[in-house]
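Residue numbers count from 1 along this sequence. Computed from a predicted structure; not experimentally measured.
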Amino acid sequence: MNVRIRRYAEATNYAKVLTGVYNGIPKGENGMIIKYQEPAQPIKYMGGYDKRGNMVLPVTNENGMNNVTLPEVTVTPRNINLAGAVDRGRRTVGNMGKEILSATTPLGDIESAKDIYQDARSGNYGQAALGAGLLLLPNFIEKPLKALKRVGKKVVKASNKYPAKNLEVNLNPDRSWNMDKIHSDVDKGTKEAIDFLESDVKKETELYNKELAKRLGYEHFTPYPNGADRARVKVTPDYETITYPNGEFAGRVAFDADPSKDILQYNKHYNLHPTAYHETLHRGYYGMADKDRMPMGGNLFEHVKRKTNTRDFYNFKTKKLLVPENEAPDLETYNYLLIEGETAANTMELGKRLGLQPGQEYPGRQALEQMLKEFSESGNEHAFITKYLNMKHPKRVWNALTGKYFVYPLIGTTLIGGMSYDRNE
């Protein structure tokens, strides 16, 4: 009985120390996030016992004290009941581990999280615990690290949502090019672009923008009517001209009045599914004036005016979508996006990489901002584009990502079709 009393007293003291540490940690905004900084002197904890008689943190020095220095770690304190450590024993530590693992940024960068997850997955709980900064000794490591294994799986899955740039994405294990994958990705991206070019969403775009252009004085604005048919004309892609890693281009197209003579080039080091989608939109003259010759017997004035008005109108739309020039992170990239059709194709490519569908319903500013934030931090080869979109007008950005911007144009505070529209969106 005396042993139990002694153990209970020591464990209670241990719980009080932990509670004191918790109460002394600076609280973040709304008390939801705390960040513990490494102290100047080691914090000493008494060895404690749970109700089964197992020692908690049982490494002691010659004075019977446990010298533990807490590393910097971010935790979410909700549901962490430190005062209940004595009564909860292993279960309490397990819950603490889960809370630490589900914290906002407990694992550092994504690569560290992946390493920790792999350690936990392979059963190397001790190494994973060290990586996660969990102060749990062997008899308390396995349970929370199994939680880490579950959480880590979600972390890795999230990191694969928007894959980082990988210049070996099209290589076989023996380092040869996987041409089956390359051809499949190009065919897939080409088909999806053609489907969009002949979609109802694009037809609505043309109708709305045609009316808007007239009201703005671009009377000769003429969206290209046969984009899908033109893009459907087959050409044999060139995979050899742009072959260097980190090349300036993932793909490019050179136009000819005869679409069968277009030159289409792809860089095998890149993900060619969204790249082919992008270049095929160009081939269908999406968001740009066509390159067709004046028909025999046509009116030269009308031909020139049509192309000029079309080009000027799309340029007007483009500048409304992008950040002002003085806010652009890089002037060279900004000027690239001002090239005819580039902003239209790049925003649609971004929508494709985000997994959006043409005409998809607007989820609201907050959801869009979070989506773009995750993508911008993913290391994806197309992440640069997010920095050039003017998020003062989130609905406008969303429309561009889903094929509707160059759709629902703004006249005052109403759509041409009579639908209500917020001026700030």
Could you tell me which non-hydrogen atom of [X] sits nearest to which non-hydrogen atom of [Y], and how far apart they are?
X    : Y    : value
G251 : E279 : O-OE2, 2.9 Å
P295 : H303 : CD-ND1, 4.5 Å
A400 : L321 : CB-CD2, 3.6 Å
T280 : A231 : CG2-CB, 3.7 Å
R311 : A289 : N-CB, 4.2 Å
G287 : A344 : CA-CB, 3.9 Å

Side chain proximity check, [X] to [Y], heavy atoms < 4.5 angstrom:
X    : Y    : answer
P259 : D262 : yes
N172 : W177 : no
F221 : Y314 : yes
L372 : S376 : no
F375 : N380 : yes
R252 : L264 : no
T343 : L338 : no
P358 : T402 : no

Gap separating the [atom1] atom of [X] from the [atom2] atom of [Y], nearest 0.5 angstrom:
X    : Y    : atom1 : atom2 : answer
I339 : N315 : CD1   : CG    : 11.5 Å
L350 : L354 : CG    : CG    : 4.5 Å
I385 : N346 : CD1   : CG    : 4.5 Å
T386 : L401 : OG1   : CG    : 10.5 Å
K234 : R232 : NZ    : CZ    : 11.0 Å
T275 : N267 : OG1   : CG    : 8.5 Å

Under a 4.0 Å threshold between the charged nitrogen and the carboxylate oxygen, would [Y] count as salt-bridged to [X]?
X    : Y    : answer
K202 : E198 : no
K387 : D330 : no
E361 : K404 : no
E302 : R306 : no
K373 : E377 : yes
D195 : K191 : yes
E211 : R215 : yes

Between [X] and [Y], is there a donor-acceptor pair closer than 3.5 Å when you use the side chain of the first and the backbone of the second?
X    : Y    : answer
H183 : M179 : yes
K317 : Y405 : yes
T190 : A276 : no

Exercise for the section: Please say which of Y285, F255, Y286 ends up in a ring-ring contact (aromatic ring centres under 6.0 Å, His included) with Y224. Expected result: Y285

Practice task
Just jot down the side-chain contact (heavy atoms from CB on, under 4.5 Å) partners of A328, sequence neighbours excluded, or say none.
Solution key: V323, Y334, Y388

Any chance the side chains of [X] and [Y] put a donor and an acceptor closer than 3.5 Å?
X    : Y    : value
N390 : R396 : no
H269 : E168 : no
N170 : K268 : no
E342 : Y336 : yes
E374 : Q370 : yes
D238 : T241 : yes

Handout entry: K165/Y270 under side-chain contact (heavy atoms from CB on, under 4.5 Å): CA gap, chis, key distance, verdict
Key = CA-CA 8 Å; K165 181 177 180 179; Y270 286 82; 3.5 Å; yes

Exercise for the section: Establish, yes or no, whether a centroid distance under 6.0 Å links the rings of Y277 and F196. Expected result: no

Practice task
Establish, yes or no, whether a centroid distance under 6.0 Å links the rings of H220 and Y218.
Solution key: no

Handout entry: Stepwise side-chain contact (heavy atoms from CB on, under 4.5 Å) check, L356 with W398
Key = CA-CA 10 Å; L356 307 180; W398 178 263; 3.6 Å; yes

Practice task
Please assess E349 against H382 for the test side-chain contact (heavy atoms from CB on, under 4.5 Å), listing each intermediate value before the final yes or no.
Solution key: CA-CA 8 Å; E349 179 183 349; H382 205 62; 3.4 Å; yes

Practice task
Go through the steps for K291 and E340 under the test salt bridge (Lys or Arg N to Asp or Glu O under 4.0 Å), then give the verdict.
Solution key: CA-CA 11 Å; K291 308 294 182 184; E340 240 190 313; 3.3 Å; yes

Fill in the blank from the handout: When K352, K188, R353, E192 are each screened for side chain to side chain donor-acceptor pair (under 3.5 Å) with H273, the one that passes is E192

Practice task
Answer yes or no: does atom CD of E369 have more than 12 heavy-atom neighbours from other residues, nucleotides or ligands under 6.0 Å?
Solution key: yes

Exercise for the section: On the 0 to 90° scale, with breaks at 30° and 60°, tag the F313-F316 ring pair as parallel, tilted or perpendicular. Expected result: tilted

Practice task
Take K181 and V169, measure what side-chain contact (heavy atoms from CB on, under 4.5 Å) needs, and give me the verdict at the end.
Solution key: CA-CA 10 Å; K181 177 181 184 300; V169 65; 4.0 Å; yes

